[in-house]
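Here the structure comes first, spelled out in structure tokens, and everything after it is commentary.
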Amino acid sequence: MIDLRLLREDPDAVRAAYSKRGGVKGLDEVIAADAVYRERLKEVEELRAEQNRASKAIGNAAPDDRPAAIAEAKELSDRLKELEPVLEEVQQKLESLAAHLPNLPHSSVPEGASEDDNVIEREVGERRDFDFEPKDHVELGEALGIFDSERGAKTSGSRFVYLTGNGVLLELALVRFALERLSERGFKPMAPPLLVREHAMYGTGFFPADEFEIYRLERDDLYLIGTSEVPLAAYHSGEVLDAADLPVRYAGFSPCFRREAGSYGKDTKGLIRVHQFDKVEQFSLTTAEDSWDEFATIRANEEMILQALEIPYRVAVMCGGDLGSSAAKKVDHEAWLPGAQRYLELTSASNTTDYQSRRLKIRHRGKEGTALVHTLNGTAVAVGRTIVALLENHQQADGSVDIPEALRPYTGFSKLTPPA
RNA sequence: GGAGGCGUGCCCGAGUGGCCGAAGGGAGCGCACUGCUAAUGCGUUAAGGGGUUAACACCUCUUCCGGGGUUCGAAUCCCCGCGCCUCCGCCA
């Protein structure tokens, strides 16, 4: 949720910020609904003030005067009962309209409507020279026997996979590796609930914007998380944190569930786009003053991990149109896949400023009263896609795959080889 | 799944229909005192919205887990939900 006061006081500034997203639909409707709301609010509040006075007077009135006073107060109360539902309706309309407004892009966000307008900030790491034709991860993975898509599909449908054998060990190694690196840097490991209530989805901005992407358990009114960002953000909902404790940093480890609606036919094979994958996620809560420094920290951690895994990547700054609703700025790290001959988004860092904390009511107490915290999130390791990048980049001519040095303490093996 | 108890401000906790936005304590802040720290004394501090102001101030509404209801009036009474605790059942 954006700050409606800002919209009210300076609609042009909001409009200008939104122009980076290629404009946002429904802004005028929100402004109009807000005006109607405030008009009604004033009406009702004046009546309430009168009613409160009348009703208070009854308590102090002499017994003889009471019947008349009660009659008068009752009339006011009756009138209120007619007006209040109208106010309620107007307010809900305002809220549901405003809930669709995305966050305001930061000034450094490039303008643009689609991913074609994202800006490549830089390339990091050397692409290897292969003296053989590099294979893609599907071919490699199947030959190595580390995952099984076909039986995944048999059991659960397309886009579900079994990790098998050393694939599982590789996954656990990546998770341990990421958790240790982050926990050294002050991020507390968390294994959150995977099923959450609606308020958590709404509070993080996944509802209403991305509702179609989320699995729903209708019987129990719960939703499967698409990222641990959701339960980590909701963890402190309704709380007032001590400013001295900020930043609060978490390393969430969880499976992630995504319906991948609307991506039929895209990345249908292998581990790239699946309905379920495991991920270690960074999540920070901090002050408005520090949030861009924290953003830099999260980005640096992501790069540190990619470099340790010896994966060449490029840094892509998302343009306004490619931001997602809750982010004020988003930066992706895209790995180069020599087999597939393309880049693949491996990690992504977002500063959602106060967009989530306003909905979740997470504040901090500082010298000048309370203020909304800023929340940030960023991938540490998305296991499936990281395996993709490891396979393709570290493959050898004989079909084996070298494990990067940094990961070996966690895997216990230095090479993946096809089963004899 | 069954029975009962509980949910109050930053934290703890009193409050069973009007004098309650809420006693008291802790914590924070300010002042005083004190070589320093600590201790002590006095004062002060809820949040959110709307109006108004150059600003301070001020006016007003809402909020005692959430949602409904009764009433002129609800922290207080009733109903539903959520959470926590205790007991029983079940279970890794």
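Quick note on labels: first sequence line is chain A, next is B, and so on, each numbered from 1. These numbers were taken from a predicted model, which means no experiment stands behind them.
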Legend entry - Rounded P spacing from B:C80 to B:G5 in Å: 14 Å
Inset, instruction - In whole angstrom, give the distance that lies between atom CG of A:D220 and atom C1' of B:C82. - result: 14 Å
Legend entry - Sequence-distant partners of A:Y235, ring-ring contact (aromatic ring centres under 6.0 Å, His included), two or more places apart: A:Y250
Inset, instruction - Determine the Euclidean distance between corresponding P atoms of B:U62 and B:A75; express it in Å to zero decimal places. - result: 10 Å
Inset, instruction - Round to the nearest Å and state the distance from A:D245 atom CG to B:C11 atom P. - result: 14 Å
Legend entry - Nucleotide opposite B:C91 in a Watson-Crick or G-U pair, distances under 3.5 Å: none
Legend entry - Interatomic distance, A:E171 atom CD to A:L163 atom CG [nearest 0.5 angstrom]: 5.5 Å
Legend entry - Nearest-Å distance once atom P is located in both B:U63 and B:G67: 9 Å
Inset, instruction - Taking atom types as modelled, find out whether A:Q356 and A:T375 have a side-chain donor-acceptor pair closer than 3.5 angstrom. - result: yes
Inset, instruction - Rounded to whole angstrom, note down the P distance from B:C12 over to B:C65. - result: 13 Å
Legend entry - Output field: ring centroids A:H106/A:W292 closer than 6.0 Å: yes
Legend entry - A:Y343: partners by ring-ring contact (aromatic ring centres under 6.0 Å, His included), with sequence neighbours left out: A:W336
Inset, instruction - Have a look at A:I403 and tell me which of A:L390, A:L309, A:N166, A:L416 forms a side-chain contact (heavy atoms from CB on, under 4.5 Å) with it. - result: A:L416
Inset, instruction - Round to the nearest Å and state the distance from A:K56 atom NZ to B:C72 atom C1'. - result: 14 Å
Inset, instruction - Determine the interatomic distance between C1' on B:A27 and the same-named atom on B:G83; round to the nearest Å. - result: 26 Å
Inset, instruction - Using Watson-Crick or G-U wobble geometry with both distances below 3.5 Å, tell me the partner of B:A3, or none. - result: B:U86
Inset, instruction - Find the distance A:Q91:CD to B:G49:C1' and express it as a whole number of Å. - result: 9 Å
Inset, instruction - Identify whether any heavy atom of A:K74 sits under 4.0 Å from a base atom; if not, whether one sits that close to sugar-phosphate; answer base, sugar-phosphate or nothing. - result: sugar-phosphate
Inset, instruction - Count the heavy atoms belonging to other residues, nucleotides or ligands that lie under 6.0 Å from CD of A:E180, then report whether that count exceeds 12. - result: yes
Legend entry - Strand partner of B:G73, provided both Watson-Crick or wobble distances fall under 3.5 Å: none
Inset, instruction - For B:U53, give its Watson-Crick or G-U wobble partner with both distances under 3.5 Å, or none. - result: none
Inset, instruction - Sugar-phosphate means primed atoms, P, OP1 and OP2; the rest is base. With that split, encode nucleotides 52-70 of chain B 5' to 3' as B, S or - using protein heavy atoms under 4.0 Å. - result: --------SBS--------
Inset, instruction - Look at all strands and tell whether A:Q51 reaches a base, only sugar-phosphate, or nothing, counting heavy atoms closer than 4.0 Å. - result: sugar-phosphate
Legend entry - Whole-Å P distance, B:G28 and B:A39: 9 Å
Legend entry - Where at least one partner belongs to residues 211-224 of chain A, residue pairs that pass side-chain hydrogen bond (donor to acceptor under 3.5 Å, both in side chains), sequence neighbours excluded: A:Y215-A:H275
Legend entry - Complementary nucleotide of B:U62, counting Watson-Crick and G-U pairs under 3.5 Å: B:A47
Which atoms of nucleotides 6-10 of chain B (N or O only) lie under 3.5 Å from a protein N or O atom, and what are those distances?
none

Inset, instruction - In whole angstrom, give the distance that lies between atom CD1 of A:I58 and atom P of B:C72. - result: 8 Å
Legend entry - Presence of salt bridge, A:R258 and A:D210, under 4.0 angstrom: no
Inset, instruction - Report the nucleotide, chosen from B:C82, B:G49, B:C72, that has the shortest atom-to-atom distance to any side-chain atom of A:S77. - result: B:C72
Inset, instruction - Measure from the side chain of A:S55, starting at C-beta and using heavy atoms only, and say which of B:G18, B:G49, B:G48 lies closest. - result: B:G18
Legend entry - Atom C1', compared across B:U45 and B:G51: separation rounded to whole Å: 25 Å
Legend entry - Presence of salt bridge, A:E281 and A:K279, under 4.0 angstrom: yes
Legend entry - A:R359 CZ to B:G48 C1', straight-line distance once rounded to whole Å: 18 Å
Legend entry - Protein-nucleotide distance (A:E72, atom CD; B:G73, atom P), rounded to Å: 13 Å
Inset, instruction - Return the value, rounded to whole Å, for the distance between atom CD of A:E84 and atom C1' of B:U71. - result: 14 Å
Legend entry - Pairing partner (Watson-Crick or G-U wobble, both distances under 3.5 angstrom) of B:A32: B:U40
Inset, instruction - Could you check which of B:C72, B:G48, B:G51 has an atom nearest any side-chain atom of A:A73? - result: B:C72
Inset, instruction - Using the C1' atom as the reference point in each nucleotide, state the distance between B:G9 and B:C20 in Å, no decimals. - result: 13 Å
Inset, instruction - For B:A22, give its Watson-Crick or G-U wobble partner with both distances under 3.5 Å, or none. - result: none
Inset, instruction - Inspect the contact between A:R408 and A:E405 and indicate whether a charged nitrogen and a carboxylate oxygen are less than 4.0 angstrom apart. - result: yes
Legend entry - Where at least one partner belongs to residues 183-198 of chain A, residue pairs that pass side-chain hydrogen bond (donor to acceptor under 3.5 Å, both in side chains), sequence neighbours excluded: none
Legend entry - Of A:R66 and A:R5, the one whose closest RNA chain B nucleotide lies more 5': A:R66
